[in-house]
Amino acid sequence: MKEFDLLKQLCDIPGTSGNEAAIRDFIIEYVKEGMPNWKSKPVMYFGDGFQDTLVLAFGKPKVAAFAHTDTVGFTVRYENQLVSVGSPDAEDSTMLVGEDALGPIRCSLVSDKEGHAFYHFGRGIQSGTPLSYEVHFEETKDHISSAYLDNRLGVFNLLKLAETLENGLLVFSTWEEHGGGSVPFLAKFMVEEFGVYQALISDITWVTDGVYHGKGAAISLRDRNIPRKIFINKILSIAEGSEIPYQREVEEGGSSDGRELQTSPYPIDWCFVGAPIHGAHTPTEKVNKKDIKSMLNLYKKFFSELD
């Protein structure tokens, strides 16, 4: 398998918020097939009580990493109307795919002057059908472009981390793009079952006026939410002590699974660490390969040094 074949496979699997079962099942099969060759074999928690989420427990965990498995997209309403899932950002004529009881769907996105979204297709689509972007995965020497790097890149990061991880929790959450909802019960499980109170958020962030392609993964000091400074300082100290390139990020808006950890009834410290992409929530999100490498190496460092 080539270096980013797994990332392509992940991007190709549809999974809008509330419809994450297929990506969860893919991860389960990937883990079953790969873990005989991993440094440590995890215990998998899924099924009853976990909905479409998944937790991998390695050794004696002290740190957890969260990656959400859902994507933005659309839900078919009535007639040819579409309702957004999360906040998709696509132009007219973008191709959408899905499936209803009548068969596979490949339709185009259209919008009216007021910005309302509709589909154009040769037949009516059943109400409630989820539609996602048609994926065109492109790789060059320095970059990868695809729909749904948010957050299949975060999932990819954790699955590559799993190959060498000895102790830790890898948590695959749902619904993040559309307001969250699974992190509260996952936080409860993390704390009450394992006594883990430290978490990293394996997600993507944006290329901005202060965060650039190719300069390393971003360590977020704040977004709409503000994590605890003592924990952030610990993360920064570990990063500074390594030779891994990284960038400091400060934003006023945006959010992640960290928000639900912070508002949970448990005293959980968290920090968002992720590669920056251009074109978030569009069909052509773009990431620099150096930032993917930086992200993975930082996670390896944090899991080995956080206590």
Side-chain angles (χ1 to χ4, degrees), residues 4 7 10-11 15-17 65-73 84-91 94 132-133 135-140 142-158 173 175-180 183 199-227 232 235-236 239 244-262 270-299:
F4 294 108
L7 180 56
L10 291 168
C11 289
T16 54
S17 300
F66 283 71
H68 72 86
T69 60
D70 60 308
T71 69
V72 299
S84 294
V85 176
S87 53
D89 182 10
E91 298 179 350
T94 294
S132 52
Y133 297 145
V135 175
H136 300 281
F137 190 96
E138 296 182 2
E139 181 178 352
T140 66
D142 297 320
H143 295 92
I144 289 173
S145 175
S146 176
Y148 301 134
L149 293 177
D150 180 10
N151 183 39
R152 299 308 163 78
L153 181 54
V155 173
F156 172 83
N157 179 59
L158 294 196
S173 65
W175 282 316
E176 192 272 348
E177 296 290 4
H178 204 78
V183 171
L200 303 170
I201 310 302
S202 179
D203 203 342
I204 63 84
T205 188
W206 313 305
V207 170
T208 64
D209 55 353
V211 175
Y212 310 99
H213 276 311
K215 301 294 185 181
I219 297 176
S220 181
L221 309 188
R222 65 154 291 171
D223 47 34
R224 189 174 75 191
N225 306 103
I226 302 177
I232 295 297
I235 292 292
L236 290 173
I244 304 167
Y246 75 94
Q247 305 178 73
R248 297 186 181 208
E249 179 186 64
V250 176
E251 293 294 337
E252 182 178 6
S255 190
S256 70
D257 280 342
R259 174 185 62 84
E260 290 191 274
L261 292 175
Q262 185 165 309
W270 62 277
C271 180
F272 182 110
V273 182
I277 68 170
H278 180 267
H281 292 185
T282 73
T284 54
E285 296 175 338
K286 183 178 180 181
V287 66
N288 189 289
K289 292 180 181 178
K290 291 180 181 178
D291 298 331
I292 300 176
K293 182 178 179 180
S294 163
M295 183 177 178
L296 177 57
N297 287 338
L298 284 170
Y299 273 77

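Sequential numbering from 1 along the given sequence is applied to the chain's residues. Below, each value reflects all heavy atoms present in this structure, side chains not excepted, and no hydrogens, waters or symmetry copies. Bear in mind that the values here come from a model prediction, so they are computed numbers and not experimental data.
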Any sub-3.5 Å donor-acceptor pair from H143's side-chain atoms to V287's backbone N or O?
no
When rounded to the nearest 0.5 angstrom, what is the spacing between OG in S220 and CH2 in W270?
6.5 Å
Atom of C271, atom of I232 and distance for their closest heavy-atom approach:
SG-CD1, 3.5 Å
Are the side chain of D291 and the backbone of G216 linked by a donor-acceptor contact shorter than 3.5 Å?
yes
Checking K289 side chain against T140 main chain: does a donor-acceptor pair fall under 3.5 Å?
yes
Counting N and O atoms only, with roles assigned by atom type, does the side chain of S17 sit under 3.5 Å from a partner on the main chain of V85, one being a donor and the other an acceptor?
no
State whether the side chain of S132 and the backbone N or O of G73 hold a donor-acceptor pair below 3.5 Å, judged by distance alone.
no
Here the gap from I277 atom CD1 to K286 atom NZ, rounded to the nearest 0.5 Å, amounts to 12.0 Å
Scan T71, D150, D89 and name whichever one has a side chain to side chain donor-acceptor pair (under 3.5 Å) with H281.
D150
Could you tell me whether the side chain of F156 reaches within less than 4.5 Å of the side chain of L296, counting heavy atoms only?
no
More than 12 heavy atoms from other groups under 6.0 Å of NZ on K215:
no
Side chain R152, main chain A147, donor-acceptor under 3.5 Å:
no
Could you check whether any side-chain N or O of Y148 sits under 3.5 Å from a backbone N or O of V72, counting only pairs where one atom can act as donor and the other as acceptor?
yes
Please identify which of these residues, L158, I201, N151, L200, meets the side chain to side chain contact (heavy atoms under 4.5 Å, CB included) condition with F66.
I201
If you compare all heavy atoms of Y299 against all heavy atoms of A65, which two are closest, and at what distance to 0.1 Å?
CE2-CB, 4.0 Å
Could you go through T282 and T94, starting from their C-alpha distance and side-chain angles, then the distance that decides it, and tell me whether this counts as side chain to side chain contact (heavy atoms under 4.5 Å, CB included)?
CA-CA 10 Å; T282 73; T94 294; over 6 Å; no
Is the shortest heavy-atom distance from the side chain of I144 to the side chain of I292 under 4.5 Å?
yes
Would the number of heavy atoms belonging to other residues, nucleotides or ligands and lying under 6.0 Å from NE2 of H278 be above 12?
no
Non-hydrogen side-chain atoms of P276 and Q247 separated by less than 4.5 Å:
yes
Donor-acceptor pair, Y246 side chain versus V273 backbone, under 3.5 Å?
no
Take S255 and N225 through the test side chain to side chain contact (heavy atoms under 4.5 Å, CB included) and record every step on the way to the result.
CA-CA 7 Å; S255 190; N225 306 103; 3.2 Å; yes
Could you tell me whether a side-chain N or O of S146 sits under 3.5 Å from a main-chain N or O of H136, the two making a donor and an acceptor?
no
Can you tell me how far OG of S256 sits from CD of Q262, rounded to the nearest 0.5 angstrom?
9.5 Å
Please test V183 against W175 for side chain to side chain contact (heavy atoms under 4.5 Å, CB included), starting from the C-alpha separation and ending with a verdict.
CA-CA 9 Å; V183 171; W175 282 316; over 6 Å; no
State whether the side chain of D223 and the backbone N or O of G253 hold a donor-acceptor pair below 3.5 Å, judged by distance alone.
no
Side-chain touch R248/L236, heavy atoms, less than 4.5 angstrom:
yes
Start with the C-alpha distance between L10 and L153, add both sets of side-chain angles, then the distance that settles side chain to side chain contact (heavy atoms under 4.5 Å, CB included), and finish with yes or no.
CA-CA 8 Å; L10 291 168; L153 181 54; over 6 Å; no
Sequence neighbours excluded - side chain to side chain donor-acceptor pair (under 3.5 Å) pairs with any residue from residues 199-214:
H68-D203, N157-S202, T205-E249
